[in-house]
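One structure is given here, and the rest of the page talks about it.
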Amino acid sequence: MSASPSAPGNPANVTITLPDGKAMTFTRGVTPGDVAAAIGPGLAKAALIGEVDGHEWDLFRPIEHDAKLRLITKKDPEALELIRHDAAHVLAMAVQELFPGTQVTIGPAIEDGFYYDFARAEPFTLDDLPKIEAKMHEIVKRDLPTRREVWPRDKAIAHFEGIGEHYKAELIKSIPAGEEVSIYWHGDWHDLCRGPHFATTGKIGDAFKLTKLAGAYWRGDAKNAQLQRIYGTAWRDEKELKTYLHRIEEAEKRDHRKIGRDLDLFHLQPEAQGSVFWHANGFVLYHQMETYIRRQLTKAGYIEVKTPQLMDAKFWEQSGHWGKYRENMFVVPDEIPNTADDGPIVSANASLMALKPMNCPAHVQIFNQQTRSYRDLPIRMAEFGCCHRNEPHGALHGLMRVRQMTQDDAHIFCREDQIQSETAHFVNLLYHVYKDMGFEDVVIRLATRPENFGGTIERWDAAEKALGDGLRATGHEFEIAAGEGAFYAPKLEFHLRDAIGRSWQMGTLQLDYVLPERLGATYVAEDGSRKYAVMMHRAVLGTLERFIGMLTEHYAGAFPTWLAPIQARVIPISDKVKDYANAVRAQLSNVDIAETSGSLRVDIDHSAERMQKKIRDAQLLKIPYMLVVGEREAAEGKVAVRLRSGKDLGAMALEQFIGRIKAEAETRRDLNDGPGD
RNA sequence: GCCGGAGUAGCGUAGUGGUAGCGCAACCCCUUGGUAAGGGGUAGGUCGUGAGUUCAAUUCUCACCUCCGGCACCA
């Protein structure tokens, strides 16, 4: 293959235009690799793949037409994904070399890494990972050349069936008829793949590591066979890999379950799995959040109610939960338990009740207690509703996924023409709250009709459209989550990420035409007719549990002053100032904080330890203020103020300190005193 | 629920077929100190639960429970 520029206009030639606008002529069938070599040896070495007219293109894949070409190197943003995709292939090769008979399925690049799903009768164990990793490094060292072939579908299907790769054959069957079936070879190993891939296996380098092992269902469906997934991470170089591993290590320190123990916030135990024991410190967070949200709701025109925990099964039948949601409900017999030793505890035909998994049907009952006029709408009915959901054991996760939860729930009963303004009203409220809490990075998804849906498709389509239009009007971007709606309504999901990057749904807005019809929630319209109200289910925090878990990780336990379980700790230097220290504490504890119906939360360290130790202890508890008092302070009516950042504000009059901390607590905004604060 | 891993004192950990140590925390004594660990001592464990193998099980086997990482499900 000649890479030297030749005369244009010849049908045997192609013109390649580079990003800087420079055009070069080559013999037809030139590859991006050839072009790179023609430009210079440095680029030839650095190039990973090409991009031909906007499509990713292997370095070794011929170009048959005039085209724009960009060469992608490790420095380009795409490089990481490419490295990870290639690493997935090398992982598959390594596994098949070490464990013959293992079937390959899919292996994509993901955030921070890659995975590959395998089908093998005997499960992998953790001990296999180092072996596989070593084999991967060996394959990289072999620097095997890559080759791309396009096969007819039938041949590809027959071939993969023939070698026992049934999952691959099934994948090919699902490729649309018009699309190419491309096969990539690395040495004598081959796989169905869309590509692109590097020219040799050596190009991915050695900055990868296998991280975890997991079961994963074929095509993400629990009805299918479970495959074995191996996860790995891969980077441009060792330094990036090290940085990543360090980042994960640091993030794990922010885990709310660890901080929850260290700061004595809450605990969980097997006898009440998935239900939180809030300790005094943690309950401060809970209570402060509830109070804060209650104020926001009042200002936003909500009313607050409280509804029963336990309701008859017939009620849930009517709402539709019995039919569509029963497997998530805790069912309770409505019968006095039999106390005879040999008798059954309840009879077989006991009538049933259920703990509420949601508040919505109960709110409709309140709505229905009066005849409502179109002029009454919207009615925004809030409840800090305690709900129980029988979640699968494997789903439980600290505060993030529990079985007993308190939602900052509300249902907006409104008219069709109010949907858009109510959507905007809610979204603005949500963003206001998230901003107050320090969350900027919110991902919104519109979850559409699931398989297990109630109501009619027409109603669903209408609801999905109205919700999407309403959100669009607020100007926020969102993505579609097909088939992920609740059984009764499509929903907007507002997601945040935890310390290690897992995304959790917090707030939600759901538009429901179904429940008002099932439960007869009507109002009298302008023309005197009865119309069904539209119901919007919504929560800003989602649940107090999950939100507090998220806050804990967000602040790594160093809560802003208004939330901090202990806002200040008095640290007497010696017993000589015991009385003064107690007086300081007493005075602070009596400072009322507006907006919270509470006072300052202050404690005192009377232990026999030295001051340094007391400071260290307070520091580890991430208490915002340490008030050191010795004989000097006692004499002058002062406190020596130290921040948890380590910054020493020096001695100040107690009144001055009160002014400062009160302002912080009431504005929910900490003063910044320079780096580290 | 499924796959892999783990469960030893409040927390973090060591260890062994002959019933267990260490650090921090707790408690007591000494020390009364000026911004991230003063010194000494004491107490605390049916080694997740239940079976089995064995003269003997925390250790080996099985079952179950819970937790951790994923998958599925979901706020």
Side-chain angles (χ1 to χ4, degrees), chain A residues 115 117 123-129 211-231 252 255 257-258 261-262 264 267-271 273-274 325 327-328 357-358 387 389-403 405-409 447 450 452 484 486 491 493-495 500 502 504-508 510 537 539-547 549-550 571-578 607-620 626-633 640-644 646-651:
Chain A
Y115 68 78
D117 285 348
F124 295 113
T125 72
L126 244 30
D127 297 336
D128 295 326
L129 293 189
T211 50
K212 51 199 175 190
L213 211 51
Y217 298 104
W218 169 236
R219 298 202 147 157
D221 189 335
K223 289 194 279 288
N224 291 337
Q226 191 165 44
L227 308 170
Q228 294 177 64
R229 177 170 297 178
I230 297 176
Y231 282 94
E252 281 167 0
D255 190 313
R257 294 165 298 188
K258 175 177 160 44
R261 237 191 337 268
D262 293 347
D264 195 19
H267 86 271
L268 295 154
Q269 65 185 53
E271 293 80 1
Q273 51 168 298
Y325 201 74
E327 64 179 27
N328 288 291
M358 300 180 191
C387 294
R389 295 184 186 175
N390 202 341
E391 304 286 351
H393 288 62
L396 301 177
H397 183 96
L399 295 178
M400 299 298 200
R401 191 74 185 273
V402 293
R403 302 211 293 184
M405 69 206 79
T406 303
Q407 300 176 311
D408 65 322
D409 199 14
N452 178 34
E484 293 188 21
K491 59 179 178 177
E493 302 177 344
F494 298 85
H495 289 253
I500 65 166
R502 289 178 291 216
W504 296 90
Q505 184 192 320
M506 313 304 290
T508 183
Q510 308 170 6
H537 310 244
V540 174
L541 306 181
T543 66
L544 284 166
E545 288 80 4
R546 182 176 287 181
F547 203 88
M550 193 61 81
I571 297 179
I573 291 179
S574 77
D575 286 348
K576 289 177 194 153
V577 291
K578 198 172 170 182
S607 67
E609 299 292 345
R610 298 178 64 207
M611 180 205 60
Q612 285 87 338
K613 178 65 183 345
K614 294 182 184 183
I615 285 175
R616 181 182 145 83
D617 289 346
Q619 189 82 47
L620 292 175
M626 284 155 251
L627 306 177
V628 178
V629 295
E631 292 181 85
R632 288 207 296 272
E633 287 76 16
V641 181
R642 184 192 202 275
L643 305 179
R644 61 188 162 197
K647 182 167 177 150
D648 186 355
L649 296 187

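Residue numbering restarts at 1 for every chain, and letters A, B, ... go by the order of the sequence lines.
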Quiz prompt | Close side-chain approach of A/R261 to A/H267, heavy-atom, < 4.5 Å | solution = no
Self-check item: Side chains of A/Q273 and A/H393 in contact at under 4.5 Å (non-hydrogen atoms)
Solution: yes
Quiz item: Side chains of A/L627 and A/I571: closer than 4.5 Å at any heavy-atom pair?
Solution: no
Self-check item: Side-chain heavy atoms of A/H397 within contact of A/R502, under 4.5 Å
Solution: yes
Self-check item: P atoms of B/rA72 and B/rA14, separation to the nearest Å
Solution: 33 Å
Practice problem: Grab the stems for RNA chain B, please: at least three consecutive Watson-Crick or wobble pairs, both distances below 3.5 Å, written as range with range. | Solution: B:1-7 with B:65-71, B:10-13 with B:21-24, B:26-30 with B:38-42, B:48-52 with B:60-64
Exercise. Please measure how far the C1' atom in B/rC11 lies from the corresponding atom in B/rU49, and state the result in whole Å.
Key: 23 Å
Self-check item: All side chain to side chain contact (heavy atoms under 4.5 Å, CB included) counterparts of A/E252, not counting sequence neighbours
Solution: A/I248, A/I500
Practice problem: Take nucleotides 5-15 of chain B nucleotide by nucleotide from the 5' end and write B, S or -, depending on whether a protein heavy atom sits under 4.0 Å from the base, only from the sugar-phosphate, or from neither. | Solution: S-----SS---
Practice problem: Answer whether the closest heavy-atom distance between the side chains of A/R546 and A/R401 falls below 4.5 Å. | Solution: yes
Self-check item: Residues forming a side chain to side chain contact (heavy atoms under 4.5 Å, CB included) with A/L213, sequence neighbours excluded
Solution: A/F124, A/L126, A/L129, A/I230
Quiz item: Rounding to the closest angstrom, what is the interatomic distance between B/rU46 and B/rG10 at atom P?
Solution: 8 Å
Exercise. State whether the number of non-hydrogen atoms from other residues, nucleotides or ligands found under 6.0 Å of A/E327 atom CD is greater than 12.
Key: no
Quiz item: If only atom types and distance count, is the side chain of A/K576 paired as donor or acceptor with the main-chain N or O of A/E631 below 3.5 Å?
Solution: no
Quiz item: Considering only the P atoms, how many Å lie between B/rA56 and B/rA63, rounded to the nearest integer?
Solution: 23 Å
Practice problem: Would you mind building the protein contact string for nucleotides 61-75 of chain B? One character per nucleotide, 5' to 3', B for base within reach (heavy atoms under 4.0 Å), S for sugar-phosphate only, - for untouched. | Solution: -----SSSBBBBBBB
Self-check item: N-O pairing of A/D648 and A/R642 below 4.0 Å
Solution: no
Self-check item: Sequence-aligned protein contact record of nucleotides 28-35 of chain B, with B where the base is within under 4.0 Å of a protein heavy atom and S where only the sugar-phosphate is
Solution: ---BBBBB
Quiz item: How far does the P atom of B/rU59 sit from the matching atom of B/rG50, given to the nearest Å?
Solution: 12 Å
Quiz item: Do A/D117 side-chain atoms and A/L227 backbone N/O form a donor-acceptor pair below 3.5 Å?
Solution: no
Quiz item: Got a salt bridge between A/E391 and A/R389, using NZ or NE/NH1/NH2 to carboxylate O under 4.0 Å?
Solution: no
Self-check item: Full working for side chain to side chain contact (heavy atoms under 4.5 Å, CB included) between A/E633 and A/V577
Solution: CA-CA 9 Å; A/E633 287 76 16; A/V577 291; over 6 Å; no
Self-check item: A/K647 side chain near B/rA36 phosphate (N/O to OP1/OP2, under 4.0 Å)
Solution: no
Quiz prompt | Atom-to-atom span, CZ of A/R616 to P of B/rC24 - whole angstrom | solution = 11 Å
Quiz item: What distance, rounded to whole Å, do you find between the two C1' atoms, one in B/rA6 and one in B/rC29?
Solution: 41 Å
Quiz prompt | Whole-Å C1' distance, B/rA57 and B/rG17 | solution = 7 Å
Quiz item: Do A/D221 and A/R219 meet the salt-bridge criterion of a basic N to acidic O distance under 4.0 Å?
Solution: no
Self-check item: P spacing across the pair B/rG18 / B/rU13, given as an integer number of angstrom
Solution: 25 Å
